[in-house]
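Here's the structure we're looking at; comments come further down.
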Amino acid sequence: MFPELNNLLNTTPDRAEQGKLTLLCDAKTDGSFLVHHFLSFYLKANCKVCFVALIQSFSHYNIVGQKLGVSLTAARECGQLVFLEGLKSSVDVFFRAQAAPHPLQFLREADAGNLQPLYEFVREALKPVGDGQAAWRCPVLLVDDLSVLLSLGLGAVAVLDFVHYCRVAVCWERKGNIVALVHDSGDAEDEENDILLNGLSHQSHLILRAEGLATGFCRDVHGQLRVLWRTPSQPAAQRDRSLTYQYKIQDKSVSFFAKGMSPAVL
Amino acid sequence: MESVLALGGFVLLRDSVEWEGRSLLKALIKKSALCGEQVHILGCEVSEDEFREGFDSSINSRLIYHDLFRDPLNWSQTGEALPGGPLGALQAMCRRTHPGPVTIALDSLSWLLLHIPCTALCQALGALSRQHAHPGGGSPAEPVRVLGLFHEELHGPGPLGALSSLAQTEVTLSGTMGQASAHILSRRPRQRPAHQTQWFSILPDFSLDLQGGPPLESQPHADPHTAPVDPTAHVTFNLHLSKKEREAKDSLTLPFQFSSEKQQALLRAGPSQATSHIFYEPDAYDDLDQEDPDDDLDV
């Protein structure tokens, strides 16, 4: 996790809020550093994490996680981390007969499928354990990422329904958190992605939006992060609802600074 | 804002990601409940606990929450889901026969539009307002109010136009500098639509605090995360003047400023002034013609 980002969000692993949906989105840049941040953050916060990783392999996240101070292998072995490796297990859908529906069963279906098997997988993974095992703090669902589900043939409403049911099971029933990454293509013609992004934005408590600089690529400033706090049903109190910072990604950390205040240009 | 509830009929509440509308919806529900009405809520997006949060027990006792949040598509197969799915739940609201003024809140219309066809939703909305206009038996029409929350960015102009044409009142939320405003468009029968912009804020107990106008330009409070940085702190040139330099600068007369002293000095041209001489050494190629070239001009 990145300590500077924790400061921006005014949170630490000990004081993590519960029952929240955090939406990560990126536009014209790669926002996966936010996924790595939240993965290591919640593992350090002693939460049980279910990570639906559809984009990269386990070893990729493990390598980055080690730089950030967590070992995914150890977490998986002791039961703290349930890892669905989409790249590897999607092959099983086609080449191995499954007794129960596979979480990614929709890949086999010809017509518009739904994500109920994936939801059942998540619910099972984050089920509270019986006595005798280590009690984790709140359960956390992490998804990297949801936009790829649209590319795999699902409709935006199917993905929204999946997130809806996960919110019921994780945020409401178990007072856990959900963190999901959605790409913002910025393309006016991608209506499905816009519906997905806007639909999730309305349900989120916190939106972190990583954007590329409007002026193009820069060696010292990799992008801009906009933080928007929302309370979907409570009246907004007087507080900082929105912050904008620029950032630079380094090998093991990310440094944040106010706009125009990069150490390289001062 | 009083007109929103006074008019009755269908009220369309349009919100956006930046300016959420659920708190205004709850504020309007609280107002209706305080008037003694019963309020039915079809909740699709938030849980019942989260929706009831902030209301005191007297208000909560008047709210009936139809929970479409927990299992809208019957994935759990436990039999707890509302029968008929989203459309069935909406139609069940239409068939309510409880007498007395009633408010129906749909949270949200956007969720319903994503799951049932727009035509079915519009027909249901029409049936909701029609049913109470003509209850059986010749008794006077019971006022019914339908409040629908609508997330603008999720839908194209078609559904928005359809719902907008059904609405007696349309409230669009926006704001500036942390202060929310509502643009209210009311359509009364046989009258021109009336526009009104109302600045407001919602208190933690969901009462409406109406403000007179937009917020005054206030000093942006200091960002707690970054100390104010002085941009003149590390420049390589001198931006400041010392006292002597400032005095010298103030007492300097500009060359083209024509003051009375300068005028006198020019006019005097006395022997105290140094006269100027011009020394001219002609070259071999110079044409020294003593004639005045302007002699032939008749001026």
Side-chain angles (χ1 to χ4, degrees), chain A residues 4 7-10 19 23 114-117 119-120 123 155-158 160-162 164-165 167-169 171-173 175 191 194-205 207 209 227-228 230-245 256-261 266, chain B residues 15-27 43-54 69-76 107-108 110-111 113-115 149 151-156 175 178 180 201-209 221 223-229 231 233-234:
Chain A
E4 286 193 38
N7 292 340
L8 285 187
L9 300 177
N10 200 20
L23 177 67
N114 67 20
L115 285 166
Q116 189 175 354
Y119 157 71
E120 300 287 350
R123 204 162 67 114
V157 180
L160 284 174
D161 287 339
F162 164 70
H164 179 109
Y165 269 89
R167 272 175 59 221
V168 175
C171 294
W172 179 62
E173 276 177 17
K175 305 288 178 285
E191 288 176 7
D194 286 342
I195 293 176
L196 176 63
L197 182 62
N198 289 322
L200 282 181
S201 303
H202 275 281
Q203 299 170 15
S204 309
H205 298 89
I207 302 177
R209 191 183 161 89
V227 183
L228 177 64
R230 290 187 81 250
T231 40
S233 57
Q234 295 297 317
Q238 284 293 92
R239 52 169 162 72
D240 276 330
R241 297 177 72 225
S242 163
L243 288 177
T244 306
Y245 280 87
F256 292 87
F257 34 87
K259 279 161 73 159
M261 295 291 176
L266 278 177
Chain B
D15 75 346
S16 56
V17 173
E18 217 198 318
W19 299 100
E20 58 89 22
R22 189 165 288 113
S23 31
L24 179 61
L25 177 70
K26 286 170 82 167
C44 316
E45 291 190 347
V46 295
S47 65
E48 186 173 352
D49 308 325
E50 195 179 334
F51 198 89
R52 287 183 185 271
E53 205 178 319
F69 170 74
R70 222 150 17 131
D71 193 0
L73 307 172
N74 201 19
W75 280 5
S76 66
D107 176 19
S108 65
S110 291
W111 193 96
L113 267 176
L114 289 176
H115 292 85
L149 183 61
H151 305 308
E152 282 193 311
E153 303 103 332
L154 291 178
H155 309 282
S201 64
I202 298 181
L203 305 172
D205 67 347
F206 292 103
S207 2
L208 270 175
D209 178 22
H221 45 268
D223 192 344
H225 294 284
T226 56
V229 173
H234 300 293

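Each chain gets a letter, A, B and so on, in the order its sequence line appears, and its residues count up from 1. Every value quoted in this text rests on a predicted model; they were computed, and no experiment measured them.
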Next item on the list: Check whether any side-chain heavy atom of I195(A) sits under 4.5 Å from a side-chain heavy atom of L160(A), and report yes or no.
Entry: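 Yes, side chains in contact.
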Between [X] and chain B, which part of the residue has a heavy atom less than 4.5 Å away: side chain, backbone, both or neither?
X: L196(A); value: neither
X: E120(A); value: side chain
X: I207(A); value: side chain

Notebook entry, point to check: Looking at D161(A), V157(A), L197(A), which one has more heavy-atom pairs under 4.5 Å with chain B than the rest?
Noted result: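 Heavy-atom pair counts peak at D161(A).
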Next item on the list: Using the ring of F51(B) (Phe, Tyr or Trp, six-membered ring only), decide whether K26(B) places NZ or CZ under 6.0 Å from its centre and within 45 degrees of its axis.
Entry: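 Yes, a cation-pi geometry holds between K26(B) and F51(B).
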Checklist line | Under 4.5 Å from a heavy atom of chain A, the part of H155(B) involved | finding: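 Neither part.
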Checklist line | Atom group of D107(B) that falls short of 4.5 Å from chain A, counting heavy atoms | finding: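 D107(B) has no heavy atom closer than 4.5 Å to chain A.
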Check: Who pairs with Y119(A) by ring-ring contact (aromatic ring centres under 6.0 Å, His included), at least two apart in sequence or on another chain?
Finding: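 With sequence neighbours excluded, Y119(A) shows a ring-ring contact (aromatic ring centres under 6.0 Å, His included) to Y165(A), W75(B), given in chain and number order.
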Notebook entry, point to check: Who are the side-chain hydrogen bond (donor to acceptor under 3.5 Å, both in side chains) partners of E45(B), not counting sequence neighbours?
Noted result: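 Partners of E45(B) by the side-chain hydrogen bond (donor to acceptor under 3.5 Å, both in side chains) criterion, ordered by chain and then number, come out as R22(B), S108(B), H151(B).
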Next item on the list: May I ask you to name which of A27(B), S16(B), S110(B), A180(B) has the most heavy-atom pairs under 4.5 Å with chain A?
Entry: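 Ranked by heavy-atom pairs under 4.5 Å with chain A, first place is S16(B).
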Notebook entry, point to check: Distance only, no hydrogens: is a donor on one side chain within 3.5 Å (strictly under) of an acceptor on the other, for D49(B) and S47(B)?
Noted result: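 No, no side-chain donor-acceptor pair sits under 3.5 Å.
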Next item on the list: Starting at OG1 of T244(A), measure out to NZ of K259(A) and round the result to the nearest 0.5 Å.
Entry: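 Atom-to-atom, T244(A):OG1 and K259(A):NZ are 5.0 Å apart.
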